[in-house]
Amino acid sequence: MSTNISSRLLTEAPRVLVVDGSRVVRQLITRVLQAELPGVEVIGCGSGADAQQVLGEGVFDFITIALRLPDMDGLELARFVRESAPQIYVPIVVVSGDVEDRLHRRSLGEHVTDYFDKALGFQALAEFIRGYVSPQTAAKGTVLYVEDSRVVALATRRMLEKIGLTVRHVVSVEDALAMLETDRALGWVGADVVLTDVSLKGELTGGDLLKHIRGEFGYGKGRLPVLVMTGDENPANQAALIRAGANDLVEKPVEEKLLITKLLFQLRVAQHLRSHAGAA
């Protein structure tokens with residue numbers, strides 16, 4: 001099924017723009033994308049100026065930008081993209097080795113859709129991009145979902161179950177912790193990924209849940225990824241959630257495609273890490 005994005009039909013042959021000052025990095029990304037996304041057209045640019053010229057010649061389905069370019073900051077280029085009407089809604093992902101620091105400071109800028117840490121590898125980047133341009137229609141895994149709004153929970157649950165995920169829904173952090181404690185006693189983590197709101201009924205918040213998962217239970221980001229939904233746009237408060245152990249954030253109101261893409265990516269990375277740990 002085709003999805004209309006910025007007056008362009010997104011098909012099985014997406015166009016991806018890769019902007020990185022390193023020719024080697026551009027070649028690596030291109031090679032992996034061509035292997036993972038049959039029919040993909042990858043255009044590589046080594047500078048912001050080259051990218052600006054290319055952007056004026058056609059529309060892309062996805063853009064990756066390095067934070068540091070030879071002639072400008074990657075965020076400047078992201079802003080330029082947003083000011084170009086045909087590209088205003090295209091996903092822009094910062095690909096960098098030092099993105100973690102900027103993420104902690106929440107200084108990636110409002111023009112960036114998402115971020116990707118090079119430390120995860122280019123194979124993971126290909127899967128990440130595929131989540132945006134060719135979304136999975138089916139997935140396996142268990143989501144521990146913490147949400148106290150019945151209406152929101154019903155809608156989100158339908159989104160997740162529609163693609164085959166098993167949802168264990170609770171309305172409070174206290175309930176989530178009790179479930180995780182019971183599952184730990186049975187020898188199981190309890191879920192493949194946690195999706196939680198920040199503000200919840202009861203005395204504990206989504207931030208408290210993070211602290212318990214990372215501290216009391218000792219589950220790292222790879223063992224049990226946590227995706228936090230928040231309506232708080234304050235960078236300091238968002239940074240606090242990341243420091244507390246959130247793998248990623250989704251701002252509310254939640255857009256279905258973005259939520260599913262982020263959730264499935266965290267699920268794939270965690271499953272990959274667990275399989276490698278089991279083989280070791």
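- Taken from CZ in R157 to CG in L195, the straight-line distance is 12.5 Å, to the nearest 0.5 Å.
- Of the inter-residue distances, the one linking T64 atom OG1 with I92 atom CD1 reads 10.5 Å to the nearest 0.5 angstrom.
- No donor-acceptor pair under 3.5 Å is formed between the side chain of R223 and the backbone N or O of G218.
- Side-chain atoms of N247 come within 3.5 Å of backbone N or O of K221 as a donor-acceptor pair.
- Between K252 and D232, none of the side-chain N atoms (NZ, or NE/NH1/NH2) sits under 4.0 Å from a carboxylate O, so this pair counts as no salt bridge.
- For the atom pair R184 CZ and Y219 OH, the distance stands at 5.5 Å (nearest 0.5 Å).
- Looking only at distances, a side-chain donor or acceptor of D192 sits under 3.5 Å from a matching main-chain atom of T142.
- E203 CD: 12 or fewer foreign heavy atoms inside a 6.0 Å radius.
- For the atom pair T205 OG1 and L210 CG, the distance stands at 8.5 Å (nearest 0.5 Å).
- In the hydrophobic cluster analysis, where Ile, Leu, Val, Met, Phe, Trp and Tyr join through side-chain heavy atoms closer than 4.5 angstrom, V250 is grouped together with I163.
- Applying the side-chain hydrogen bond (donor to acceptor under 3.5 Å, both in side chains) rule to pairs touching residues 19-29 yields nothing, sequence neighbours excluded.
- The heavy-atom pair separating A246 from L249 by the smallest distance is CB-CD2, 4.1 Å.
- Annotation: the span from H169 atom NE2 to L144 atom CG amounts to 9.5 Å, rounded to 0.5 Å.
- Using a cutoff of 4.0 Å between basic side-chain nitrogens and carboxylate oxygens, K201 and D175 are not scored as salt-bridged.
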Full working for side-chain hydrogen bond (donor to acceptor under 3.5 Å, both in side chains) between Y145 and T196: CA-CA 6 Å; Y145 177 38; T196 181; over 6 Å; no
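- Between atom NZ of residue K262 and atom CG of residue D248 there is a gap of 3.5 Å, rounded to the nearest 0.5 Å.
- Ion pairing between a basic and an acidic side chain is recognised when a charged N comes within 4.0 Å of a carboxylate O; K162 and E256 show such pairing.
- In this structure, D71 contributes its side chain and A49 its backbone to a donor-acceptor pair below 3.5 Å.
- Formation of a donor-acceptor pair under 3.5 Å by the R15 side chain with backbone atoms of E41 is not found in this model.
- By the rule that hydrophobic residues join a cluster once side-chain heavy atoms approach within less than 4.5 Å of another member, V189 and V146 end up as members of one cluster.
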